[in-house]
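None of the values given here were measured: they were computed from a predicted structure. Heavy atoms only: backbone and side chains are in, while hydrogens, waters and symmetry mates are out. Counting starts at 1 for both ligands and their atoms, following the listed order.
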Amino acid sequence: MTTETAGKYLFPEGFLWGAATAAYQIEGSSMADGAGASIWDRFSHTPGNMKDGDTGDVACDHYKRWREDIQLMKRLNLQAYRFSVSWSRVMPEGRGAINPKGIDFYDRLVDGLLEQGIEPLCTLYHWDLPAALDDRGGWLNPDIADWFADYGQVLFEKFKGRVKTWGTINEPWVIVDGGYLHGALAPGHRSAFEAMIAGHNVLRAHGAAVKRFRQVGEGKIGIVLNIEPKYPASDKPEDEAARRRAEAQMNRWFLDPLMGRGYPEELKDVYGEAYREFPQEDFDLIAQPTDWMGLNWYTRAVPENAPDAWPTRSRPVKQVQHAHTETGWEVNPPALTDTLVWLHEQTGGKLPLMVTENGSAWYDPPHAIDGRIHDPMRVEYLKNHLKALHDAIGKGVDVRGYMAWSLLDNLEWSLGYSKRFGITHVNFQTQERTIKDSGLLYAEVIKTHGGVL
Ligand SMILES: OC[C@@H]1[C@@H](O)[C@H](O)[C@@H](O)c2nc(CNc3ccccc3)cn21
């Protein structure tokens with residue numbers, strides 16, 4: 001904060017400050033106490049899939065250290081905690097029998113959070129499909145919509161009155177683009193034909209869960225989308241056309257059907273013969289009204305026309321004039337403001353939004369020095385993106401909260417432990433947690449409602 005900005009970035013009363021994680025990235029003990037395997041257990045144990053051969057077998061050992069981690073959340077002044085449930089811990093086969101020890105873990109976690117005055121925000125699905133369901137076709141099997149709604153019902157009923165804000169699915173685009181189109185993520189398929197079918201079933205499953213929630217649940221339910229705004233590399237018509245294809249394939253593929261608009265026209269051009277039509281009843285199910293929408297936001301892209309680039313025939317042009325994080329993502333806070341304004345417009349200005357993930361990976365040392373982890377780049381990223389978020393609110397966007405990604409350094413999927421996003425450092429040799437300078441700043445932001453920015 002400088003004297004001229006003192007109090008300029010105060011956030012609205014009731015704005016919800018938290019941090020986010022995901023089950024497979026932090027819990028470890030993924031097969032303990034009767035849990036079933038997930039596709040990430042299989043994928044991470046398949047040689048060649050994971051950087052340095054890393055797996056989620058231990059991760060942040062959160063399955064055992066959850067009490068310590070709730071105390072960490074208190075020290076960070078968190079008002080909320082966004083976490084995901086491991087479907088196969090709760091239902092080892094993904095359908096049918098419930099694993100009592102599995103659901104008990106989340107029961108204790110939720111009660112522990114509530115005892116500390118921390119609001120639990122629960123994501124039903126953050127990429128870790130039960131392997132037993134993948135054996136039945138997984139997201140390619142249309143029955144998965146009912147399997148997912150049945151799983152959701154177990155949690156809606158178990159946590160009724162305690163969990164009041166639910167997210168159905170984290171990032172349909174990454175599930176499909178990573179898992180079925182390019183194969184970089186579990187289950188590692190590479191097919192545009194499969195991607196269209198899996199994407200449609202992910203959306204159907206979301207709709208079925210929302211419908212079931214209206215029957216048995218209590219509170220508010222929404223979906224979490226990753227949106228990466230696309231800015232054309234030049235004013236050439238072919239670059240604008242490329243921008244539109246990239247925007248359709250990432251940002252509109254799932255948003256448009258959720259908003260009752262069906263798939264974007266450009267998807268036919270992107271997927272060609274792999275593009276599929278689906279019955280209207282599916283789109284009616286998909287567009288079930290929801291209560292909120294989560295935005296996971298990290299960066300923007302500047303696509304140019306690239307006829308050889310599959311499947312969008314577009315390629316991002318690196319903007320060397322801007323800083324880039326360890327994951328190669330450009331740092332561009334004003335693009336967050338633009339995205340929130342765009343999403344507000346795209347959702348008709350009536351759907352409350354929440355930034356459900358925002359953060360950055362930078363090099364941090366493997367262990368603390370003098371009990372501190374100095375992470376100036378992450379401090380700068382956090383400050384500037386919170387200011388950009390504040391700017392969006394000032395433009396009339398209804399944003400209800402911000403969940404920093406991530407509470408802890410954790411397993412960054414196929415990149416393993418090589419990329420650290422945490423506001424808390426984890427020494428993976430000792431499991432020691434050390435709040436980084438970015439976490440200390442965030443605690444002050446929360447305490448002052450943004451006044452410290
Ligand atoms: O990569 C950081 C996080 C990841 O750890 C979370 O589990 C996931 O929800 C998440 N989503 C994004 C943004 N979307 C994305 C875009 C391209 C590749 C991978 C993710 C970033 N992150």
For T337 and D391, test the side chains for any donor-to-acceptor distance below 3.5 angstrom and give the result as yes or no.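 Side chains of T337 and D391: no pair found under 3.5 Å.
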
Going by the angle between their ring planes, with limits at 30° and 60°, are H62 and F105 parallel, tilted or perpendicular?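 Because their plane-to-plane angle is over 60°, the rings of H62 and F105 count as perpendicular.
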
Any non-hydrogen side-chain atom of Q116 less than 4.5 Å from a side-chain atom of M73? no

Sole residue of E228, H385, E357 in side chain to side chain donor-acceptor pair (under 3.5 Å) with Y298: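 Only one of E228, H385, E357 forms a side chain to side chain donor-acceptor pair (under 3.5 Å) with Y298, namely E357.
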
Contact residues of ligand 1, where a non-hydrogen atom lies under 4.0 Å away: Q25, H126, W127, N170, E171, W173, V174, N226, N296, Y298, W329, E357, W405, E412, W413, F421

Which residue pairs satisfy the salt bridge (Lys or Arg N to Asp or Glu O under 4.0 Å) criterion with at least one member in residues 399-428, sequence neighbours excluded?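 Output for this query lists D398-R400, D409-R420, D409-K436.
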
F156 six-ring centre to R212 NZ/CZ under 6.0 Å and within 45° of normal: no

